[in-house]
Amino acid sequence: MPKRNSRKTSLASLAEELGISRTTVSNAYNHPEQLSASLRERILETAERMGYPGPDPAARSLRMRKVGSIGVLLTEHLTYAFEDMASVDFLAGMAEASIGSQNTLTLVPAGPINVNPAAALQLVNSAVVDGFVVYSVAHNDPYLEAAYTRGLPTVVCDQPATDTRFPFVGIDDYAAIAPAAQALVDAGHRRIGILCIRLSPEANNGHVSPERLDNAQHHVQQARVRGALAVFAQAGIEPESVPIIERHINNPVNNVAAARELLETHPDLTAILCTTDTMALGALNFATAQGLRVPQDLSVTGFDGITEALLRDVTTVIQPNKEKGACAGRVLARIIAGEDYPERTLLPVEFHSGSTVAPPKPR
């Protein structure tokens, strides 16, 4: 193995050793297509012998006025990004969009708890990125405001859908949930409950009042609940008669607990509409533990189309989580490159009829 030089070798000293310009050395790493194969090989072999690791990425960033990284801002705990399958699919799409761009992804997990604007600004300003994709945050979220204050290119995915300061990528959640709600109505259900995840940053683990729904700051959940209630109302089911249970943290323990609360406080229910597949899986697991058969004793619908829900053949709405991430990444790349970009992108959804809805048992 070649003996390395004990002194730190610079690009300039490598260029001097080879008798070529520093630009030529730099091109061997950053623009290899501009050099012959033999010249690039000679540069890299000499660099190896002299212990030169390659151009300093920080120095390159200063020259290019780019750092080569995209920030993904999500107001969830970091573990959520790797445990919630809708988030995993979204991040996979972001990664797919970065292929060939020489960009990395920087996760900026803000957490689901309210924070003061100064702390949010400090975190956002510390992210060494060229721009942000903000994934599903509340209206007037302090981290979103911090991203706006920083002034870097920013794309919002999912929510808030009405903030015209940023390009938007998402779906029409109000319309998207309608097929799931209609499936319950068409099966003959009239005693239906709803499970949803958090409607606003302030925690509410329990019953959702009309006032909380009206004042919700998480527009995705608000739109899905309202979309379902609109379908029920058309079928003659009064929205006020539909119990809604909310959980602030979307994890298996809370989802099962939400299903338990809903069914124990409203034992006459024959169906549950869930605004996420994870909630639907919690309902299925609770039903199984109680000896209830789905769909014979209880019908359940979900929303998202995550792998586990589809494997269990849940009646659900499949949204393009991976394509949302890829589309948001592509839009942000266009903004950073100074190219034209769409201000608003709505992606289609698909209804999976599944096998978790059936007519209610006669009483």
Quiz item: What do the steps show when you test Leu273 against Leu195 for side-chain contact (heavy atoms from CB on, under 4.5 Å), and what is the final call?
Solution: CA-CA 6 Å; Leu273 178 138; Leu195 295 181; over 6 Å; no
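- Val331 is listed as a side-chain neighbour of Pro167, based on a closest heavy-atom distance under 4.5 Å.
- For the salt bridge (charged side-chain N to carboxylate O under 4.0 Å, His left out) condition, the pairs that include at least one residue of residues 308-322, sequence neighbours left out, are Glu96-Lys322, Glu308-Arg312.
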Quiz prompt | Stepwise side-chain contact (heavy atoms from CB on, under 4.5 Å) check, Val357 with Leu184 | solution = CA-CA 7 Å; Val357 173; Leu184 296 175; 3.8 Å; yes
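- Asp297 has its side chain within reach of Lys361: a pair of non-hydrogen atoms, C-beta onward, lies under 4.5 Å apart.
- Residues Leu152 and Phe132 share a closest heavy-atom pair of CD1-CE1, 4.0 Å.
- The existence of a salt bridge linking Arg22 and Glu16 is excluded, since no basic side-chain nitrogen approaches an acidic carboxylate oxygen closer than 4.0 Å.
- In summary, Arg330 and Glu339 do not engage in a salt bridge, as defined by a charged side-chain N under 4.0 Å from a carboxylate O.
- Side-chain atoms of Gln217 and Arg198, non-hydrogen and from C-beta on, never get closer than 4.5 Å to each other.
- The cationic group of Arg165 lies under 6.0 Å from the six-membered ring centre of Tyr148 and within 45° of the ring axis, placing it in a cation-pi geometry.
- Closest approach of Tyr135 and Ala86 over heavy atoms only: OH-O, 3.9 Å.
- Checking Ser69 against Thr106 by side-chain atom types alone, a donor-acceptor pair falls below 3.5 Å.
- Within the 4.5 Å cutoff, side-chain heavy atoms of Tyr143 are placed close to those of Val124.
- With no hydrogens or angles considered, no side-chain donor-acceptor pair links Asn254 and Asn205 at under 3.5 Å.
- Taking Gln182 as the reference, Asp186 meet the side-chain hydrogen bond (donor to acceptor under 3.5 Å, both in side chains) condition, with sequence neighbours excluded.
- Nearest heavy-atom pair, Gly305 versus Asp277, reported as atom, atom and distance to 0.1 Å: N-OD2, 2.5 Å.
- No side-chain donor-acceptor contact under 3.5 Å links Ser26 and Thr23.
- A 4.5 Å side-chain heavy-atom check between Ile192 and Leu269 finds every atom pair outside the cut-off.
- Sorted by first and then second residue, the salt bridge (charged side-chain N to carboxylate O under 4.0 Å, His left out) pairs with a member in residues 241-250 read Arg212-Glu246, Arg247-Glu261; sequence neighbours excluded.
- Contact annotation: the side chain of Met50 approaches that of Leu14 to within less than 4.5 Å [non-hydrogen atoms, C-beta and beyond].
- Residues Val137 and Pro160 are in side-chain contact: their nearest non-hydrogen atoms beyond the backbone lie under 4.5 Å apart.
- Thr301 and Ala280 get closest at one heavy-atom pair: O-CB, 3.8 Å.
- Residues Asn103 and Ser98 have side chains that never bring a donor and an acceptor to within less than 3.5 angstrom of each other.
- Clustering of Ile, Leu, Val, Met, Phe, Trp and Tyr side chains at separations under 4.5 Å places Leu310 together with Ile318.
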Can you list, pair by pair, the side-chain donor-acceptor contacts under 3.5 Å of residues 237-245, counting residues two or more places apart and other chains?
| from | atom 1 | to | atom 2 | distance (Å) |
| --- | --- | --- | --- | --- |
| Ser241 | OG | Glu238 | O | 2.6 |

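- Between Ile177 and Ala228, the shortest heavy-atom contact is CG2-N, 3.6 Å.
- Pairing each heavy atom of Leu213 with each of Leu199, the nearest pair is CD1-CD2, 4.3 Å.
- In this structure, Gln122 places its CD atom where only 12 or fewer heavy-atom neighbours from other residues, nucleotides or ligands lie under 6.0 Å away.
- Looking only at atom types and distance, the side chain of His352 has no donor-acceptor partner in the side chain of Thr316 under 3.5 Å away.
- For the pair Arg224 and Phe303, the cation-pi test (distance below 6.0 Å, angle within 45°) is passed.
- The same ILVMFWY cluster, assembled from side-chain heavy atoms under 4.5 Å apart, contains both Val156 and Leu123.
- Sorted by first and then second residue, the pairs that involve residues 193-234 and meet ring pair (Phe, Tyr, Trp, His ring centres under 6.0 Å), not counting sequence neighbours, are His139-His219.
- Side-chain contact check for Val133 versus Phe90: some heavy-atom pair is nearer than 4.5 Å.
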